[in-house]
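Working notes for the structure below.
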Amino acid sequence: MKFTDVNDAIRRGNNTMYGLAAGVWSRDIGTVNKMVAGLRAGTVWVNCYNVFTNSAPFGGFKSSGIGRELGEYALSNYTEVKTVISSLK
């Protein structure tokens, strides 16, 4: 499948009800940055695919779910933030 330009590739990549992951192959960092910013996917791999690390959050956009697993962002699923202010006089 050939794309007419970067915007066409982004449009086609986003033309789905899912947004779990995407892959971009390019030697041009400007193209990569535009694709990464434009794609509605929870993970975007650049010049690789299906690479995971426990420290990186994983989750999707759209019908691929909400929230993130793994990494620091996953902790929000198990915690509630509370502020406590106390005078120690």
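Just the heavy atoms: all of them, side chains too, but no hydrogens, waters or symmetry mates, feed the values below. It should be emphasised that the depicted structure is a prediction, and the values quoted were computed from it without experimental measurement. Quick note: residue numbers are just sequence positions, from 1.
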- Item | Nearest heavy atoms of Tyr49 and Gly23, plus distance in Å | CE1-N, 3.8 Å
- Once you round to the nearest 0.5 Å, how far does CE of Met35 lie from CH2 of Trp25? 10.5 Å
- Item | Pairwise distance OG1(Thr16) to CZ(Phe61) - rounded to 0.5 angstrom | 14.0 Å
- Write down the atom of Asp28, the atom of Gly30, and the distance for their closest heavy-atom approach. OD1-N, 2.8 Å
- Any idea which heavy atoms bring Gly38 and Asn14 closest together, and the distance? O-ND2, 2.9 Å
- Message: Just verifying a value: how many Å separate Arg11 CZ and Asp5 CG, rounded to the nearest 0.5 Å?
- Response: 9.0 Å
- Message: Are the side chains of Arg27 and Asn47 in contact, using a 4.5 Å heavy-atom criterion?
- Response: no
- Message: Exactly one of Ile29, Val36, Val51, Asn33 should register a side chain to side chain contact (heavy atoms under 4.5 Å, CB included) with Val46. Which one does?
- Response: Val36
- Message: Taking the side chain as everything from C-beta on, heavy atoms only, tell me whether Lys62 gets closer than 4.5 Å to Tyr18.
- Response: no
- Just wondering, do Phe58 and Thr43 contact through their side chains at under 4.5 Å, heavy atoms? yes
- State yes or no: do Val6 and Val32 share one hydrophobic cluster built from I, L, V, M, F, W and Y residues joined by side-chain heavy-atom distances below 4.5 Å, directly or via other members? yes
- Query: How far does CG of Asn7 sit from CZ of Arg12, to the nearest 0.5 angstrom?
  - Reply: 12.5 Å
- So if you build clusters from Ile, Leu, Val, Met, Phe, Trp, Tyr with side-chain heavy-atom gaps below 4.5 Å, do Val44 and Ile10 land together? yes
